[in-house]
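In what follows, chains are A, B, ... by sequence order, proteins preceding strands, each numbered from 1.
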Protein chains: 2
Amino acid sequence: MVAGMQSRNTPPTRAGGRPRSAEADTAILEATRQALVDLGWTKLTLGDVATRAGVAKTTLYRRWPGKSELVVDAVAELFDELELPDSGSLATDIEGVVLQFAALLGRPETKTALMAVVAESTTDEPLRARIRASIVDRQKRLVLAGRARAQDRGELPLEPDPATAARTADLIFDVIAGAVVHRALVSAEPVDEEWARRFTWLVLGGLSAVAGQGPGPGSP
Amino acid sequence: MVAGMQSRNTPPTRAGGRPRSAEADTAILEATRQALVDLGWTKLTLGDVATRAGVAKTTLYRRWPGKSELVVDAVAELFDELELPDSGSLATDIEGVVLQFAALLGRPETKTALMAVVAESTTDEPLRARIRASIVDRQKRLVLAGRARAQDRGELPLEPDPATAARTADLIFDVIAGAVVHRALVSAEPVDEEWARRFTWLVLGGLSAVAGQGPGPGSP
DNA sequence: CGCTTTCGCTACGGCTCGTAGCGTAACTGC
DNA sequence: GCAGTTACGCTACGAGCCGTAGCGAAAGCG
């Protein structure tokens, strides 16, 4: 289920020779995540990761240009575990994905790594492309799937113009992901069911709806 | 207009002696911002900042615990320049603040610093408190002022329960700030008037409104 | 069995960190 | 004015990490 990842790290030249150890790859990525938990982003060193993974430091540098790229690959695997639960309505679909995303951001390795690599990427264009390809763009599937389902149910109108539809999907993605990240990491307050419900209410009905009369505590 | 900042850095004991140079303080913060522009977060070193500011490295360590705290103070001043334009309607108020915020995030020093210190703060609780006090909570004034104006105009209903009202303000803040940050720094696509208009439309009217019929290109 | 590539290991120069120690400068209170 | 107190500039230092080079051995391929 988490296959097809090796495409992120292809040797520069293809030829016969000793193949790269796939066990080393998984051991390194797992060691990276564990080091993130124990040390956090800044105190994480590649030498330490190599020791934890049981490989030589030089092996790390043969496969990844540096710390940022390694961490991106290590956390990207976690994001692929997100899935859209078909809960029957657009509102509960959004709530479900928000809570899943929040749970992911609650893990210490994700928490400390995500913002750090994004910060790095503001002065490192190749890294930014790697983040988009490995994490951001892959998760837009959730927005597209949720909209398609909602349209099938008749909860959302069809958007005939594909360009406009794409812009809308990007907008929704930035709003949902951005709000959850900001709530969890900047405001550092819990993303619980209560918050998810009010947030979903805002996204669906707009500001006047949420400011006037929010959904009751037991809204279906 | 940017006064009252020295309260962020108070000497541990108050007594007679040589006072701290206020010129050094401003020179250090300005040098920090310039170093962020030239080097970005990771390559910024305190030794380099000291040289740029024309002070000794030890002076820096006497005033700030480390790089993170220094950078927080340096960029916090920039955020205080944000203001809510009284444009006559809630929609244009939001659009104005979104564009101001986006312009701030477009500056290289803000761009590279903000995410980095937030990442740091996930494993450094005192730093997180400093960010909240110096940046985040200070900017909630924009949300509170905007809501008050909208309520005066009759665009938003009054919220009698103060606890609910506070939660709503927090929600709005996370949504607006989070979406703009995500669009600007993660998706790395422009936050222009077009996007601000569509985003505002979503916040005010909800998803069905923005997916159905967005505001025309010349909506007043 | 040669060719190719990876692996583990060691070692290295270079850089940054954060602190200590010193003499000097600036300001306060007696 | 003079002693006390604090900040300042400067130098120096051990420690740690970076990223690379060089080596011999291992693991596949034709």
Peer 1: Do Thr59(A) and Arg20(A) meet the criterion of a side-chain donor-acceptor pair at a distance under 3.5 Å?
Peer 2: no
Peer 1: Is there a donor-acceptor contact under 3.5 Å linking the side chains of Arg141(A) and Gln139(A)?
Peer 2: yes
Peer 1: Is the phosphate of dG9(D) approached by Thr59(B) (side-chain N or O, under 4.0 Å from OP1 or OP2)?
Peer 2: yes
Peer 1: Nearest 0.5 Å please: distance from the CG atom of Leu39(A) over to the CZ atom of Arg52(A).
Peer 2: 5.0 Å
Peer 1: Looking only at N and O atoms, is any donor in the side chain of Lys57(B) or the base of dG9(D) less than 3.5 Å from an acceptor on the other one?
Peer 2: no
Peer 1: Looking at the side chain of Thr45(B), which of dG19(D), dT16(C), dG8(C) is the nearest nucleotide?
Peer 2: dT16(C)
Peer 1: Which letters describe nucleotides 24-30 of chain D, given B = protein heavy atom under 4.0 Å from base, S = only from sugar-phosphate, - = neither?
Peer 2: --BBB--
Peer 1: Taking atom P of dG16(D) as reference, at what distance in whole Å does atom CG of Leu46(A) sit?
Peer 2: 17 Å
Peer 1: For Arg130(B) and Ser121(B), test the side chains for any donor-to-acceptor distance below 3.5 angstrom and give the result as yes or no.
Peer 2: no
Peer 1: State, without any angle test, whether Ser21(A) and Glu23(A) hold a side-chain donor-acceptor pair at a distance under 3.5 Å.
Peer 2: yes
Peer 1: Got a second to check how far Arg107(A)'s CZ is from Leu114(A)'s CG, nearest 0.5 Å?
Peer 2: 13.0 Å
Peer 1: At less than 3.5 Å, do the side-chain atoms of Thr58(A) and the base atoms of dC9(C) form a donor-acceptor pair?
Peer 2: yes
Peer 1: Measure the distance from CH2 on Trp64(A) to C1' on dT6(C) and round it to the nearest whole Å.
Peer 2: 14 Å
Peer 1: Any side-chain N or O of Arg20(B) below 4.0 angstrom from OP1/OP2 of dA7(D)?
Peer 2: yes
Peer 1: Look at the side chain of Ser21(A) and the base of dC7(C), then say whether one donor and one acceptor between them are separated by less than 3.5 Å.
Peer 2: no
